[in-house]
Amino acid sequence: MAQRLAAQGIRDQRVLEAIATIPRHLFVRENLRSQAYSDRALPLTGAQTISQPWVVARMTELLSPEKSHTVLEIGTGSGYQTAVLALLARRVYSLEILSDLARQAARRLAGLGLDNVKVQAFDGSRGWDEAAPYDRILVTAGAPAAPEPLRRQLVEGGRLVLPEGDQESQRIVVYRKLKGGGFRHRIDDSVRFVPLRGRHGWNEC
Ligand code: SAH
């Protein structure tokens, strides 16, 4: 899979290595395991999906986490993206609004021995005081705009990566927080994520 991603333009070797290390089949439903290494999003539960490997790779590359970083992730889902981040950062805090998914993901991550991850079930659009401010924040659900609590909980010099747009399609947007608290942003590839719910998402939950 890593070789295919490299051919598709993913350049960051650390990201390719992390993806080669994490067994994606452990994060998909048993009846879909034969498709675990195809470059497709796959259903999790209800309308939620595990992201396409290319999208995971691209978002991780744009986030550019480093070994010293504390990372906040919103939208744990299967925990696959969380596992990739756990290999690249010092510590990962991940929020999932659906408690069943959060529980299953936490169990999978612990099963892989990834003990630098903390998963919790609540509305991540509100951020998480636990370890703020974060060096990197990644949102893996489509948002109408960058939630204010997440902007606030980012360190100066940090990056926030999220899919921004409507509920059908989004563009990946990379925000950099400047000294003094301002932001600069860059718009990247088109993606299709399930909607970010919650206070600063598409609806109240
Ligand atoms: N990164 C995941 C894919 C996640 S799909 C993976 O690799 O498997 C998006 C996830 O975001 C869904 O599981 C959905 O339940 C969750 N989500 C949506 N709104 C949320 C919110 N406000 N806070 C936390 N999680 C949210």
Side-chain angles (χ1 to χ4, degrees), residues 5 9-19 51 54-77 79-97 114-120 122-166 169-191 193 195-202:
L5 292 170
I10 303 300
R11 296 272 167 267
D12 190 329
Q13 280 308 316
R14 295 169 307 167
V15 173
L16 292 170
E17 273 166 35
I19 285 186
S51 301
W54 182 83
V55 172
V56 172
R58 185 68 185 135
M59 301 232 355
T60 311
E61 187 170 63
L62 289 169
L63 190 71
S64 192
E66 289 171 19
K67 266 293 176 201
S68 60
H69 283 168
T70 301
V71 177
L72 174 65
E73 179 195 31
I74 312 302
T76 319
Y80 177 69
Q81 168 81 72
T82 322
V84 170
L85 294 174
L87 292 184
L88 298 169
R90 186 172 66 81
R91 226 164 142 60
V92 181
Y93 293 82
S94 186
L95 292 173
E96 168 57 54
I97 204 162
L114 297 168
D115 55 10
N116 58 338
V117 179
K118 191 162 173 186
V119 179
Q120 202 113 103
F122 64 83
D123 173 13
S125 79
R126 296 167 184 264
W128 194 1
D129 285 341
E130 178 91 2
Y134 299 93
D135 299 294
R136 298 285 188 265
I137 301 179
L138 177 64
V139 182
T140 64
E148 192 279 327
L150 301 184
R151 291 172 175 250
R152 190 164 18 91
Q153 291 185 355
L154 191 64
V155 296
E156 292 185 359
R159 284 190 200 194
L160 161 65
V161 175
L162 83 165
E164 225 181 273
D166 57 33
S169 73
Q170 307 88 26
R171 302 288 296 269
I172 304 174
V173 184
V174 181
Y175 288 88
R176 281 165 197 270
K177 191 164 182 175
L178 309 173
K179 275 213 178 91
F183 282 87
R184 209 179 260 160
H185 74 274
R186 180 160 77 74
I187 299 173
D188 207 86
D189 293 289
S190 293
V191 284
F193 275 87
L196 180 76
R197 298 158 60 187
R199 174 83 176 79
H200 299 271
W202 286 103

Check: Does Val119 offer a backbone N or O that forms a donor-acceptor pair with the side chain of Glu96 under 3.5 Å?
Finding: no
Next item on the list: Show the numbers, then the answer: is there a side chain to side chain contact (heavy atoms under 4.5 Å, CB included) between Asp129 and Gln153?
Entry: CA-CA 8 Å; Asp129 285 341; Gln153 291 185 355; 3.0 Å; yes
Notebook entry, point to check: Is a side-chain N or O of Tyr134 found less than 3.5 angstrom from the main chain of Gly158, in a donor-acceptor match?
Noted result: no
Checklist line | Separation of Ile97 CD1 from Thr76 OG1 (nearest 0.5 Å) | finding: 11.0 Å
Next item on the list: Report yes or no: does Arg136 contribute a side-chain atom to a donor-acceptor pair with the main-chain N or O of Ser64 at less than 3.5 Å?
Entry: yes
Item checked: Interatomic distance, Glu130 atom CD to Arg91 atom CZ [nearest 0.5 angstrom] -> 8.0 Å
Notebook entry, point to check: Roughly how far, to the nearest 0.5 Å, is CZ of Arg186 from CZ of Arg159?
Noted result: 7.5 Å
Notebook entry, point to check: Once you round to the nearest 0.5 Å, how far does CG of Leu85 lie from NE2 of His69?
Noted result: 12.0 Å
Next item on the list: Of all the heavy-atom pairs spanning Leu162 and Met59, show the shortest one and how long it is.
Entry: CA-CE, 4.4 Å
Item checked: Main-chain N/O of Leu95 paired with Gln120 side-chain donor or acceptor, under 3.5 Å -> no
Checklist line | Under 3.5 Å donor-acceptor, Trp128 side chain and Phe122 backbone | finding: no
Notebook entry, point to check: Okay, side chain of Glu73, backbone of Val92: is any donor-acceptor separation there less than 3.5 Å?
Noted result: no
Next item on the list: Using a strict 4.0 Å threshold on nitrogen-to-oxygen distance, state whether Arg14 and Glu17 make a salt bridge.
Entry: no
Checklist line | Short side-chain donor-acceptor distance under 3.5 Å, Arg90 and Thr70 | finding: yes
Next item on the list: Determine, step by step, whether Ile19 and Ile10 satisfy the side chain to side chain contact (heavy atoms under 4.5 Å, CB included) criterion, reporting the C-alpha distance in whole Å, the side-chain angles of both residues, the deciding distance to 0.1 Å, and the verdict.
Entry: CA-CA 11 Å; Ile19 285 186; Ile10 303 300; over 6 Å; no
Checklist line | NZ (Lys179) with more than 12 external heavy atoms under 6.0 Å | finding: no
Next item on the list: Report yes if some heavy atom in the side chain of Thr60 is under 4.5 Å from a heavy atom in the side chain of Pro65; otherwise report no.
Entry: yes
Item checked: Test item: Thr140 side-chain N/O and Gly75 main-chain N/O as donor-acceptor pair under 3.5 Å -> yes
Item checked: Check: Val174 main-chain N/O paired with Asp188 side-chain donor or acceptor under 3.5 Å -> no
Next item on the list: May I ask you to decide if Arg184's main-chain N or O and Lys177's side chain share a donor-acceptor pair within less than 3.5 Å?
Entry: no
